Amino acid sequence: MLQFDVVVIGAGAAGLMCAAQAGYRGRKVAVVDMGKKPGRKILISGGGRCNFTNEGASPSNYLCANPHFVKSCLSRYTQHDFIELVDRHGLAYHHKTLGQLFCDNSAQDIVDILMTECEWAGVEHFLRSEVLNVVAAAEGGYVVTTSEQQFKCASLVVAAGGLTMPKLGATPIGYKIAEQFGLNVLPTMAALVPFTLHDHDKARFEGLSGVSIACNVSSEDGTAFKENILFTHRGLSGPAVLQISSFWRAGQAVTINLLPELNLSDTLHQWRTEQGSKSLKNSLSTLLPKRFIEILISEHAIPDKALNQLSHTEIEAVATYIHNWTIKPNGTEGYRTAEVTLGGVDTDELSSKTFEAKKAQGLYFIGEVTDVTGWLGGYNFQYAWSCGFAAGQVC
Ligand code: FDA
């Protein structure tokens with residue numbers, strides 16, 4: 001039996017951050033992961049360039065049944081602290097849009113920084129080791145059995161992630177351990193995920209695959225995001241769709257303002273005066289993809305007329321339609337392509353300061369396995385750094 005002060009399950013963003021912090025405190029730390037290399041999700045994140053934080057990260061960018069839960073960890077280890085860390089390691093990075101910071105070269109640079117920190121802190125890594133079960137030891141602490149070895153530890157940190165991307169080793173082990181120790185686990189759901197469409201909508205828009213439109217997309221609860229949507233051969237994707245997917249529930253519609261930057265009614269009235277003989281179709285095609293307008297006309301959603309043939313009522317109807325285009329997704333692409341898992345270990349069961357389970361001394365849950373989900377844009381990694389840091393100070 002291998003003896004450690006701390007065993008961390010999961011060599012992902014949260015687990016590696018936590019392990020390094022605990023190691024720096026003089027704790028003997030083991031990180032156990034079933035993968036053959038650490039940080040596999042980091043490596044594929046941000047299109048291979050890892051959007052590792054967001055300059056504007058704040059508690060309002062997170063979904064959690066207890067919206068106050070993230071305040072403590074985000075304020076104790078901020079995006080500026082992580083930026084200071086990567087600066088110290090000489091990382092080359094850039095600001096993309098909306099506060100998102102990406103590596104210039106490769107996401108491997110972030111994994112290298114975390115692994116260097118772990119090395120300096122004396123952390124030991126056990127890869128290709130699948131955790132099979134965990135039991136509380138009679139004399140205190142925990143025994144962790146993997147496919148390769150058995151560990152005894154005083155503190156056990158569960159950083160085993162959520163259910164997204166099963167191909168990359170996602171397992172429900174974190175939720176199972178929580179339930180085993182009597183912790184409530186909130187229902188999980190794929191989030192930051194593309195929508196699939198009903199067959200009739202898929203047939204309507206199949207020619208638009210690859211077309212992107214800058215929109216304002218809102219869900220039925222009133223949440224809205226102004227970014228691009230992208231038509232795909234399966235349905236709808238793009239940053240605005242991924243964002244709103246976290247707020248969408250089965251059976252609901254999403255409303256898409258296709259021209260959020262202008263008042264279409266005013267524009268159509270002006271066009272009718274200035275260029276009345278021009279068709280509505282050609283006029284609107286200067287603002288939106290022509291193929292999309294052709295579909296709306298073929299379905300009689302908007303009239304096939306010259307601008308000067310449009311009545312005031314018709315202009316208002318066209319403007320209302322374009323500013324409130326509504327579509328009811330069939331579902332989402334699910335965990336296969338989702339970036340994150342909504343729900344998870346109920347944060348009411350955890351200390352917001354240390355991430356220790358209130359019901360099990362020495363047992364910690366951090367990262368995606370907890371019921372905290374960030375928006376798209378580097379917020380999920382920032383949460384991983386912040387909670388990994390917090391647990392690493394005490395475990
Ligand atoms: P994470 O899932 O990273 O790590 C958990 C680890 O536990 C895994 O290595 C797994 O192998 C291991 N494990 C699971 N079960 C086990 C078992 N039984 N035994 C042993 N090991 C086990 N976020 C962001 O902020 N910016 C971005 O650019 C992106 N981009 C992005 C792209 C894609 C395609 C995805 C899927 C996700 C993102 N994300 C993101 C989200 C981000 O990747 C996610 O929030 C973090 O990786 C979560 O970190 P964790 O450490 O909590 O879990």
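Predicted, not measured: the structure shown is a model, and the values here were computed from it. We count ligands from 1, going down the list as the structure has it; atoms in each ligand are counted the same way.
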**Message:** Starting from atom 52 (O) of ligand 1, what is the nearest protein heavy atom, named by residue and atom, and what distance separates them?
**Reply:** E368 N, 2.8 Å
**Asked** Would you say the side-chain atoms of T188 and Y335 include a donor-acceptor pair closer than 3.5 Å?
**Response** yes
**Asked** Which class fits the ring pair W375 and Y379: parallel under 30°, tilted 30 to 60°, perpendicular over 60°?
**Response** perpendicular
**Request:** Return yes or no for this condition: an N or O of V369 is under 3.5 Å from an N or O of ligand 1.
**Result:** no
**Message:** Under 4.0 Å from a heavy atom of G378: which atoms of ligand 1 are those, numbered in the order shown and with their elements?
**Reply:** 24 (C), 25 (O), 26 (N)
**Asked** Is it true that the side chains of S285 and N282 contain a donor and an acceptor less than 3.5 Å apart?
**Response** no
**Aromatic plane relationship, F69 with F355 - under 30° parallel, 30 to 60° tilted, over 60° perpendicular** = perpendicular
**Request:** Give the residue and atom name of whichever protein heavy atom lies nearest to atom 31 (C) of ligand 1, and the separation in Å to one decimal.
**Result:** E339 OE1, 3.3 Å
**Prompt:** For atom 30 (N) of ligand 1, what is the nearest protein heavy atom, given as residue, atom name and distance?
**Reply:** S45 CB, 3.2 Å
**Message:** Please compare F381, F102, Y383 and report which has the shortest non-hydrogen distance to atom 46 (C) of ligand 1.
**Reply:** F381
**Request:** Give a yes/no on ligand 1: does G388 have at least one heavy atom closer than 4.0 angstrom to it?
**Result:** no
**Request:** Assess the side chains of H80 and E55: does a donor N or O sit below 3.5 Å from an acceptor N or O?
**Result:** no
**Fill in**
In ligand 1, the atoms that come under 4.0 Å of a heavy atom of I44 are 34 (C)
**Message:** Taking ring pair (Phe, Tyr, Trp, His ring centres under 6.0 Å) as the cut-off, I'd like each qualifying pair that reaches into residues 276-310, sequence neighbours left out, listed once.
**Reply:** F231-F292, F292-W325
**Request:** Taking side chain to side chain contact (heavy atoms under 4.5 Å, CB included) as the test, write out the residues that go with T146, two or more places apart.
**Result:** V32, S129, V131, V144, E148, Q149, F151
**Message:** Give the atom numbers and elements of ligand 1 that come within less than 4.0 Å of a heavy atom of N51.
**Reply:** 24 (C), 25 (O), 26 (N), 27 (C), 28 (O)
**Item:** Geometric N/O contact Q382 with ligand 1, under 3.5 angstrom
**Value:** no
**Item:** Structural part of A338 in contact with ligand 1, heavy atom criterion under 4.0 angstrom
**Value:** backbone
**Asked** Using a heavy-atom cut-off of under 4.0 Å, does the side chain or the backbone of A159 touch ligand 1, or both, or neither?
**Response** backbone
**Prompt:** At a 4.0 Å threshold, what atoms of ligand 1 neighbour a non-hydrogen atom of G161?
**Reply:** 2 (O), 5 (C), 53 (O)
**Prompt:** Do any N/O atoms on G162 end up under 3.5 angstrom from N/O atoms on ligand 1?
**Reply:** no
**Asked** Within less than 4.0 angstrom of ligand 1, does T164 place any heavy atom?
**Response** no
**Asked** Cut-off 3.5 Å, side chains only: do Y93 and D87 have a donor facing an acceptor?
**Response** yes
**Message:** Any atom of ligand 1 sitting under 4.0 Å from a heavy atom of G174?
**Reply:** no
**Message:** Ring centres under 6.0 Å, that's the criterion: do W120 and Y24 meet it?
**Reply:** no
**Item:** Under 4.0 Å to a heavy atom of T171 - the qualifying atoms of ligand 1, by number
**Value:** 14 (C), 15 (N), 16 (C), 17 (C), 18 (N)
**Request:** Among all protein heavy atoms, pick the one closest to atom 2 (O) of ligand 1 and tell me residue, atom and distance.
**Result:** K41 NZ, 3.2 Å
**Asked** Would you say the side chains of K176 and T171 form a donor-acceptor pair under 3.5 Å?
**Response** no
**Asked** atom 4 (O) of ligand 1: which protein heavy atom is closest, and how many Å away?
**Response** G12 CA, 3.5 Å
**Prompt:** Are any non-hydrogen side-chain atoms of V193 and V241 less than 4.5 angstrom apart?
**Reply:** no
**Asked** Taking the side chain as C-beta and beyond, is there a heavy-atom pair between W385 and Y77 under 4.5 Å?
**Response** yes
**Request:** Answer side chain, backbone, both or neither: which part of S129 comes under 4.0 Å from ligand 1, heavy atoms only.
**Result:** backbone
**Fill in**
In this structure, atom 17 (C) of ligand 1 is nearest to the protein heavy atom M34 SD, 3.6 Å
**Request:** Tell me, with the steps shown, if F365 and F181 meet ring pair (Phe, Tyr, Trp, His ring centres under 6.0 Å).
**Result:** CA-CA 12 Å; F365 290 86; F181 288 91; 8.3 Å; no
**Message:** Under 3.5 Å between any N/O of E130 and any N/O of ligand 1: does that happen in this structure?
**Reply:** no
**Message:** Can you confirm whether K353 is buried at NZ, in the sense that more than 12 heavy atoms of other residues, nucleotides or ligands lie under 6.0 Å from that atom?
**Reply:** no
**Prompt:** For ligand 1, which atoms have a heavy atom of G46 less than 4.0 angstrom away?
**Reply:** 28 (O), 30 (N)
